[in-house]
Structures are given as C-alpha cells and as structure tokens.
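Hydrogens, waters and symmetry mates are skipped; everything else that's a heavy atom, side chains included, is used. In the text below, chain A, chain B and the rest are named by the order of the sequence lines, each starting its count at 1.
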Amino acid sequence: MFDRLFELLFKYRPLVFDQGDFVFASPWSYLLLIAVLGAGAAATLTTYAQARGKSTPLDRGVLAALRIAALAVVVFCLFRPVLVLSSIVPQQNFLGVLIDDSRSMEIADRDDEPRRAFVDASFGTEESVLRSALAERFALRFFRFSSATERLTDLGELGYAGSRTDLGQALDRARDELTGVPLSGLVVISDGADNSESVLTESLRGLGADGVPVYTVGLGREAFDRDIQLSRVETPRSVLQGTSMVVDVVIGQVGYAGDSITLQIEDEGRIVSTEAVTLPANGEPATARVRFTATEPGPRIFRFSVPPQPDEMVTQNNVRDVLVVVEDRREKILYFEGEPRFEVKFIRRAVADDENLQVVVLQRTADNKYLRLDVDDADDLLGGFPKTREELFQYRGLILGSVEANYFTPDQLRMIADFVNQRGGGFLMLGGRSAFAEGGYAGTPIADILPVVMGEPTLVDGKPMFTELMVSPTRAGETHAAMQVADTEEESGERWKNLPAVSSLNPISEIKPGATTLLTGTGAGGSDERIVLAFQRYGAGKTLALPIQDSWMWQMHADIEPDDLTHELFWRRLLRWLVDGVPDQVVASVRRDRVEPNEPVELLTEVVDGAYLEMNNSRVNAEVTSPSGGFTEVELDWTTERDGEHEGLFTPREEGLYEIRVEATSEDELIGSDMAYVFAAASDDEFFDSAMRAPLLRRIADETGGQSYTVDTVASLPEDIAYTGAGVTVVEELELWDMPALLFLLLALVGGEWGYRRVRGLA
Amino acid sequence: MARSTGIRRRNAPGDCGTLPTYPSSWWSLPLRPFIRHRVALAVGILATGLWLGEALLQGQRVDVDVRIAQPAGAQPVRTRADATLQHPVGPWEFYFTRAIYSGNGRGRRWGSRWATDYPKADLQFISILQRVTRLGVYESENAIRLDDPNLRRFPFLYALEVGSMAMSEKEVAGLRSYLDAGGFLLVDDFWGTWEWQNFEMEIRRVLPEYPIVDVPVDHPVFHTVYEINEVLQVPAVNNAVYGGRTWERDGYVPETRAIFDEDGRMMVMINWNTDLGDAWEWADNPYYPLKFSTYAFQMGVNYIVYAMTH
C-alpha cells in the first residue's frame with residue numbers, strides 16, 4: 001500500500017530511490033538558474049514591498065513566501081533532477097529460479113489451495129505472468145530442491161515429494177551451476193521450512209562475497225489456525241533390552257487450548273503405552289512424559305502419535321517415528337566390596353534375573369583375601385582389584401563399596417578416575433564406614449570425579465556418625481527414569497514416601513556445581529537434609545554417589561512385603577542407568593538414522609585401543625546389508641579432524657532398514673566391532689514446523705542484498721531485479737521533474753496564494 | 001505392588017534340583033542303627049516315655065520364657081510408627097543373631113533349648129569374626145524371637161538344638177516371612193533320627209514346598225573364605241574333652257543339608273549330627289581339641305560370608 005502510494009506520488013517505488021543516485025542534469029549553468037531564482041525572488045519581494053491597499057505586512061510576507069516557493073519548485077524542475085542507477089541489460093543476464101520441491105508444498109493453508117499452486121500459476125507455462133516478465137529481462141535457469149538440488153528443464157518434473165528442505169545446499173548448488181555466467185541473482189520460491197542440519201551462514205556469506213543477491217518468495221501462512229504437532233520426542237539411540245524408558249514428548253498446538261488428547265506409543269504395531277494430555281493455552285506447547293519398556297531386541301521403530309483433531313490443517317505432523325536400537329547383551333559391572341556386607345547379597349539378588357546385567361563381585365573377606373563371584377574366567381581378579389587399565393576398562397560400570405582409599409595405589413586411584421573420564425564408564429560409590437571422607441578419599445583423584453563435596457571425616461568417639469534417614473526424591477528424582485520404583489510417577493512418589501529408613505555413616509550435604517541430586521534423606525527430627533543419591537557427567541562418563549550403607553532395608557524391613565519388588569526395581573534401573581551409553585572400543589554411528597532413498601549416509605566410527613586411547617592407524621571396514629539382503633563394503637578413513645574418528649559414505653537405494661556392521665582391526669588383530677542402523681524411507685519431516693518461515697527468508701534476502709516477497713508483493717519482482725540485480729548492467733537516468741508530487745506541490749503553492757488572497761479579501 | 005514389571009515372583013512352587021530328598025514320614029526312616037544298638041534303643045524308648053509323661057502332665061507346648069529371651073545390649077530403636085524396645089541399631093554391618101523359638105516341654109533340657117551355649121558361644125565366635133575377617137560386627141550377643149517384626153533387620157540367623165523346636169503359628173509365619181524376604185537360617189547342634197524328624201516336621205510347616213537336599217563338600221558354601229574339603233563331626237564338649245565318641249544318640253554321621261528356593265538361593269543351612277556351637281563355646285578350654293574348634297570357626301566364617309554374598 002505504502003509502496004503504491006509512494007509510486008503514485010514520486011513516479012518510482014522506494015526501492016528505485018534506494019538504488020539510484022540523485023543528481024541535477026540541467027544543461028544550463030547552476031549559477032544561471034540560481035540567478036533566475038534570485039531575480040524572481042527579488043522581483044517578488046519588491047513588488048510586494050511596494051504594494052499598498054488593505055494588506056498588512058504579514059499578508060504581504062505570506063504571499064511573497066508562497067510565490068517564491070512556487071518559483072523555487074519551477075526552478076527545481078528546470079534543474080532537471082534525475083536518478084542515476086544501474087539497470088540490467090535485457091537478455092544479457094541469467095537468473096536462477098529455485099523452486100521448493102518438498103512435500104510441504106502440498107500443504108493447503110492459503111485459500112484452500114496448496115502452496116505449489118503459486119508455482120503452477122506463476123511459472124506453469126511460458127505465458128505465465130511472472131515467468132514471462134522475468135523471461136523478458138533474463139535468461140532463466142530453473143532448479144528444484146529438497147534434500148538435493150537438480151536442474152529443471154521442464155517444470156512438469158516437479159513432484160513435490162522431497163522429504164527434507166535444505167536451503168543452504170540449494171543455494172550453493174545453484175551458485176556453482178551458474179558460475180561463470182553473468183548472474184543477476186537467484187530467486188528462491190519456498191515456504192522457507194528448512195529442516196536440514198546444514199548451516200546457512202556459510203552459504204549466505206559466499207553469495208554475499210560473489211555479489212549474487214537472492215530474492216525470496218515466501219509461500220504459505222506464517223501461522224496455522226488449528227494444528228497439533230509432535231514437536232520433539234527425545235529417546236536414547238540405544239537401550240538395554242527390558243529397560244523401562246521415560247520419554248519426554250513436546251506437543252505443539254494452536255487452536256486446541258484446553259482440549260484433552262491421547263498420545264499413543266507403538267512398538268512396530270503393538271501399543272506399548274498411552275497417555276492422556278490436556279493442552280495448555282493457545283500456542284503454548286505441552287510436555288508429556290510417557291513410559292514404556294523396550295522388550296523386543298534389535299532395531300525397533302517406535303511410533304508416537306496423536307489422532308487427527310477436528311479441523312486440523314496439517315495431520316501428518318501428528319506422528320513421529322523414532323529408531324531405537326534395543327541391545328540384548330550383558331553389561332559387565334565390577335562391584336568391589338572391601339568388607340563382607342549384606343549389600344552384596346541383596347544387590348546380586350536384585351539383578352539376578354536381569355539377563356542384561358552381569359555384576360561381577362570382588363569381595364575382600366580378609367586382608368589380601370578375596371571372594372570372586374560371577375567372573376568370566378577363573379583367573380579374573382585373582383590378585384584383587386585390577387592393576388592395569390586394560391583389565392579395569394573391560395568393565396562398563398564400577399561400584400566401590402566400603403573400601404578405604406589407601407587400599408589402592410596412587411596409580412589405581414588415577415586409573416579409576418580415567419575409567420570415568422577417558423573410558424566413559426559409569427562409577428558408583430556406596431556409603432560405608434570406609435567410603436567417602438570416612439574412607440580417606442578426600443584429596444584423591446576419586447574425590448575429583450565424585451558429584452559430592454567431601455569434607456573432613458565426621459567421627460563420634462572415633463567412630464563414623466550413624467544416622468537413620470528417611471529418603472525422598474527431589475523434583476529431578478521424581479521424574480528421573482532410574483528413580484521410578486512403580487508403574488507411574490504418582491505411584492512411584494507414593495512408594496518413596498512409604499519406604500523404611502536406611503542408615504548412613506557418611507554425612508554429605510553438598511553437591512558440586514553441575515551435579516544433580518536425585519534423592520535426599522532427613523533424620524529423625526526432620527531437619528539435617530543429606531544427599532542420598534547424586535550424579536554428574538564427568539569427562540566421557542558419569543559418576544554417582546549413594547552414601548547409604550543398607551539399601552537392603554528396602555527389602556528386609558518388616559514394613560516391606562517379602563515379595564515386594566521396590567528394591568529390585570531400584571537397583572536394576574540404577575545399574576542399567578549406570579552403564580547406559582558407555583562406549584565400547586569401536587563405536588559406529590550415522591549422522592542421521594533416517595534418510596530418503598538415494599540420500600548419502602555419513603557413517604562415523606570412533607576407534608580406541610584397550611586403554612581407550614584413540615587409534616588413527618587402524619583399518620576400519622563396514623559391511624552394509626540392504627533390506628533385500630544386498631551386501632556392500634565400505635572402507636572408512638580417518639577424518640584427520642579428530643583422533644580416532646573414521647568416516648565413510650554409502651548411499652541406500654532401497655526403502656527399508658539397512659544394517660551396518662563396522663569392524664576395526666589393527667595389524668590383523670580385531671579391535672572390536674559395532675552395529676549401526678539406517679532407515680531409508682520418505683518421511684513426514686516436511687510437515688513439522690511447516691508454517692512459512694518469513695524471518696529466515698528475509699534473512700537470506702537481507703544478507704545477500706536481495707529482497708523478500710510474498711505472493712501479494714511478488715508482482716514487482718522483475719522490475720526490482722532489473723535495478724538491484726548483478727550482472728551486465730547499463731547506467732540509466734530516470735527523470736524526476738515530472739513527478740506528480742512536484743505538480744501537486746506547485747498547485748498547492750499557487751492555490752494557497754490564491755486562497756489566501758480570497759480569504760483575506762485582497763486584490 | 002504392581003506386577004507388571006516383568007520380574008518373576010519369588011517363592012512360587014517349583015522343582016529345586018535333582019539332589020536326593022528326605023522322607024517326611026518317619027516310618028520310612030532307617031531303623032537299623034536302633035536294632036544294632038539295643039541299649040540305645042532301650043534308652044530311647046525310656047526317654048520317649050518320660051517325655052510323653054511329662055508332656056501329658058505339663059501340656060503340649062510351652063512358650064519360651066520371655067525374660068530369658070531379653071537379649072543383652074538391647075536398645076531402643078526408632079521406627080516411624082512408634083518407639084519400642086528392640087534390638088541394637090547402629091553402625092555395625094553384622095549382628096550375630098540367635099533365634100529364640102518355642103519348644104516342647106518345659107525347662108532347659110526338654111523345653112525350649114534356643115539358649116544352649118548362650119551367650120558364651122556367640123561372644124567367642126564374634127571375637128573370632130573380628131579377628132579373621134574385615135566384617136564390621138556388633139560386639140555383643142543378639143537374640144530375637146521368630147515372631148518379632150524386627151527379625152528381618154538381621155539377615156543372618158543362628159538356631160540350635162532344634163530337635164525340640166515346636167514353633168507357634170506366629171513364629172512359623174515370622175520365619176517364613178524372614179526367609180522369603182531374603183533371610184538366611186543356620187541350623188546347628190541337633191542329633192539323631194528323632195531330633196531330625198522333629199526339626200523336619202517344624203521346618204516343613206515353614207517351607208512346605210521346598211525339599212531338603214544334601215550339600216556336597218564341593219559346594220561354594222564350603223569354600224567362600226576357608227577351603228573345607230571334609231565335613232567333620234564336631235562333638236559336644238564332654239565327648240570332645242574326654243576323647244570319647246563324637247556322636248550322640250543315633251547321629252553317627254555328620255550331615256550338611258540345605259533348603260534352596262526356586263532360584264537356587266540357599267535359605268536354610270542345616271548342620272545335623274554335629275555341634276559347631278559347643279566348639280565355639282569351649283574353644284578357650286585347653287582340653288578341647290583344636291582340630292574341632294578351628295574347623296567350627298572356619299565353617300562359621302564360611303557360612304556367614306556365604307550368607308552375606310549369596
């Protein structure tokens with residue numbers, strides 16, 4: 001509206017004024033014109049000064065001013081004001097037109113027409129208005145883009161089936177294709193719903209440096225009226241079989257405030273959980289916490305879905321599929337206990353039926369006398385606690401019971417810290433008379449890795465201070481997956497309230513910055529809050545502190561039914577969490593575990609030796625098995641950017657699940673192997689966050705010197721590019737003397753003088 | 001507690017193994033030793049007659065004298081419900097806990113004999129435990145009734161002279177709950193067929209579905225700390241000191257038997273025809289053979305460490 005009014009008054013649109021330089025192009029001398037203006041002004045003043053009659057000096061002043069102003073406008077026009085600017089030479093320049101070919105172009109959010117309708121109407125034929133207007137000035141080159149970018153010779157090739165929008169890659173590809181030709185700019189026709197992982201900044205910087213402006217045409221609406229989408233589902237990439245997962249699901253919504261919806265989770269067709277969710281105020285997302293158990297081993301597709309709601313504009317974003325690898329293997333945990341304690345019996349009993357946990361017990365019974373339980377080999381741990389990194393690092397978790405710090409050599413203490421920091425293992429210290437500060441750990445490398453602050457040992461009459469504690473979860477603990485001791489969060493909270501007291505000899509009440517407290521305990525008086533369970537990430541692993549000595553009371557206390565499973569659940573979930581995500585020597589992963597067929601897959605593998613030092617000289621091969629059983633070998637090379645990291649590429653051609661087995665060898669000796677999975681299929685990713693993203697499109701235009709348009713404003717695009725585009729240009733002068741605004745001004749001044757005389761009754 | 005967690009419920013009836021089991025009916029017991037030893041048979045018949053007479057006169061069962069049951073070192077323990085006089089609670093990891101149970105008849109000899117060797121045997125064994133292991137052990141004796149709700153605070157329990165055991169229903173329920181929850185019962189010092197039969201009858205009331213099986217000497221329980229390769233018959237002090245026979249009644253051969261749950265966890269360890277407790281009690285007697293006291297201590301340590309780790 002403003003642009004139109006401006007153009008009406010000033011003959012040209014503001015953009016032209018922005019681009020041009022204002023100059024006077026009069027063939028006469030400026031001095032002559034100024035002299036004419038001066039003479040005219042002097043004559044006017046003289047005339048009015050000599051005028052007599054009933055006019056007052058004020059009247060004469062006003063009239064003289066109006067006359068001189070009118071004279072000035074005329075003289076201004078005689079100066080011949082012009083705008084000097086560059087404009088492209090018609091048909092001497094190329095223009096790249098990039099058309100979004102992704103599935104989101106099918107969304108009908110504007111007058112019940114899909115977004116692609118604009119492309120059909122504006123570019124469908126050579127006679128289409130916009131296309132012909134551009135073709136008059138430029139040689140057009142069309143591209144289509146989604147996850148990949150291709151040249152288009154016929155716009156009929158557009159299928160709108162791409163499952164991803166990658167704007168950065170599209171701009172780079174078009175720029176590369178048009179290198180070496182006079183390029184006026186690139187026109188991007190898209191909803192801007194970029195869902196790639198690429199960073200736009202580099203692409204825009206390159207275009208800016210090359211002086212290639214980008215003109216964006218945004219399709220669709222910036223906000224939907226009524227829509228629900230599963231904005232985020234956070235699951236681990238892999239879990240142990242039988243693990244009870246607690247997953248946060250963020251549900252975005254607009255137009256359904258206060259409604260109750262049902263969130264459903266399926267494990268390949270079998271419903272494993274449902275959760276009723278009441279939606280908050282309009283536009284605010286809801287977070288639902290759902291729990292389910294991964295019972296079937298192997299790569300599993302878990303489907304999270306909300307049924308389509310009445311009048312919902314986009315229903316494809318109500319479903320998300322997530323690939324989770326359910327591992328069926330035994331995780332080895334070393335539990336070193338410095339004195340016979342019932343914790344050993346009851347922890348072993350709690351996890352006895354868990355086929356995915358192997359708790360190897362090293363029980364010191366007397367000085368230099370050990371009982372070894374559940375070892376793999378008769379020679380394992382024969383000499384007590386491991387003395388080499390290779391021996392210790394074969395375990396994925398380490399539990400230290402009541403064993404004094406000076407049992408260990410300084411190297412063993414450092415080794416335990418390295419077990420967490422470097423190897424990425426899970427470390428848990430239990431309470432006891434020889435644990436924490438009471439065990440002399442203050443100032444040791446283990447004190448550094450623990451999540452709690454240890455002071456001086458607290459002794460009463462030379463003995464550790466005994467305290468009974470009622471345990472309760474913190475807010476973080478209430479929602480933590482490992483702290484769930486019942487089927488629902490509410491039941492779990494109730495269960496914690498009713499558990500009997502446990503005892504502690506290690507008064508700890510402070511955690512380190514960055515650590516999280518999950519359980520606290522209070523003494524008989526209700527005061528004196530102590531830390532019962534805290535954890536923190538440390539280096540590549542995590543550490544837990546559980547400074548109580550008899551969690552078995554949750555099994556043996558008289559208030560607990562003999563067949564109660566609280567103690568079992570607590571320890572199973574705690575130990576599964578302890579070893580969750582602990583890496584092996586060879587760790588294979590893919591950059592994205594869900595791709596389109598024919599989209600290259602980046603395969604990454606990290607390789608370390610037995611002491612978990614990165615290896616760059618190993619031979620890493622991947623065997624890729626396609627859904628139909630086809631077999632491909634891929635060699636992975638060291639990336640040189642990070643020690644131990646190897647990279648390779650393969651391209652899935654079929655739809656379905658690809659299995660990748662990566663094996664690393666060094667001098668013909670196997671270091672290790674790992675599995676990774678990729679699901680190749682068209683996805684509905686395009687329908688998530690699929691409203692038109694105007695800020696992104698504006699940013700692209702602004703950072704490259706282009707302009708952004710909507711369907712309503714795109715008509716001026718051809719002319720705008722003519723003045724703002726790069727390429728072969730010619731200097732053009734645009735006359736301004738005949739601007740309607742000047743005529744209006746002149747008429748206003750002359751009319752004003754006349755009107756003033758009439759009002760004042762002057763001659 | 002909901003059962004949807006996928007964890008198998010314990011204590012479901014089931015087969016526990018292929019080791020030989022023992023008949024619950026005394027009619028099928030071997031009687032040859034009685035026939036071979038007529039004197040012993042006569043004494044047995046006489047004793048049975050006396051017992052029957054006394055039982056008829058005094059009643060079928062006499063509950064244990066609570067005043068005797070009051071353990072030394074008892075302290076108030078704080079619970080959430082209320083505060084009652086209970087057993088010691090403190091920083092110790094292990095309490096050598098003796099079971100107080102009801103028995104037939106009255107008096108120490110024919111009535112409840114839970115307190116045999118008490119507390120000296122316990123204290124001497126505790127001092128050995130402190131010396132040879134790293135166990136944080138409570139220094140005093142600790143005895144508790146089977147129907148005491150706090151029984152489960154002590155996952156190791158020692159019972160002896162169970163040949164005259166006659167538990168009340170409350171005691172049966174208490175012991176069952178204790179064993180189901182994860183407690184371990186060590187049984188000692190009872191001799192001969194008749195006492196076996198009585199004990200078997202009583203333990204069947206507690207654990208009717210689980211068989212009693214032999215524990216061979218290569219079982220881990222004999223090798224947790226000390227290597228025990230032969231099960232000895234530890235005699236009562238009088239027999240040991242005077243160098244006479246080691247057996248009593250018709251208990252000629254020492255036996256080690258056990259009851260396992262369906263997961264293979266040992267719940268009850270039975271020492272029959274042997275008396276570890278006397279060896280602990282009289283280890284300070286210079287005339288008591290070192291061989292027996294050493295063996296008894298080693299067995300005791302093995303049992304405790306096994307119970308704390310399995």
Exercise for the section: Verify the neighbour count for atom CD of A:Glu355: are there more than 12 heavy atoms of other residues, nucleotides or ligands below 6.0 Å? Expected result: no
Practice task
Please indicate whether A:Lys369 has more than 12 foreign heavy atoms, meaning atoms of other residues, nucleotides or ligands, lying under 6.0 Å from its NZ.
Solution key: yes
Handout entry: Contacting moiety of A:Ile347, where chain B heavy atoms sit under 4.5 Å
Key = neither
Handout entry: Toward chain B, the part of A:Arg341 with a non-hydrogen atom under 4.5 Å
Key = both
Fill in the blank from the handout: Paired with B:Trp280, the ring-ring contact (aromatic ring centres under 6.0 Å, His included) test is passed by just one of B:Tyr158, B:Tyr295, B:Phe292, namely B:Tyr158
Handout entry: Selection from A:Arg348, A:Glu337, A:His567, A:Gln363 maximising heavy-atom pairs under 4.5 Å formed with chain B
Key = A:Arg348
Practice task
Inspect the contact between B:Asp148 and B:Arg153 and indicate whether a charged nitrogen and a carboxylate oxygen are less than 4.0 angstrom apart.
Solution key: no
Exercise for the section: Count the heavy-atom pairs under 4.5 Å between each of A:Met465, A:Arg433, A:Met553 and chain B, then report the option with the highest count. Expected result: A:Arg433
Exercise for the section: Count the heavy-atom pairs under 4.5 Å between each of A:Asp367, A:Leu505, A:Asp550 and chain B, then report the option with the highest count. Expected result: A:Asp367
Problem - Where A:Trp552 and B:Glu93 come nearest, the two heavy atoms and their spacing - result: NE1-OE2, 4.0 Å
Handout entry: side-chain contact (heavy atoms from CB on, under 4.5 Å) between A:Ser492 and A:Met483, intermediate numbers included
Key = CA-CA 8 Å; A:Ser492 185; A:Met483 297 298 104; 6.0 Å; no
Fill in the blank from the handout: Scored by heavy-atom pairs under 4.5 Å with chain A, the best of B:Ser177, B:Gly174, B:Pro155 is B:Pro155
Problem - Side chain / backbone / both / neither for B:Tyr178 at chain A, heavy atoms under 4.5 Å - result: both
Exercise for the section: Can you tell me which residue pairs pass the ring pair (Phe, Tyr, Trp, His ring centres under 6.0 Å) test with a partner in residues 353-373 of chain A, sequence neighbours excluded? Expected result: none
Problem - chain A contact via B:Val225 - side chain, backbone, both or neither, heavy atoms under 4.5 Å - result: both
Problem - For chain B, the option from A:Thr467, A:Val361, A:Thr295, A:Ile560 that forms the most heavy-atom pairs under 4.5 Å - result: A:Ile560
Problem - Region of A:Ser503 that comes under 4.5 Å of a non-hydrogen atom in chain B - result: neither
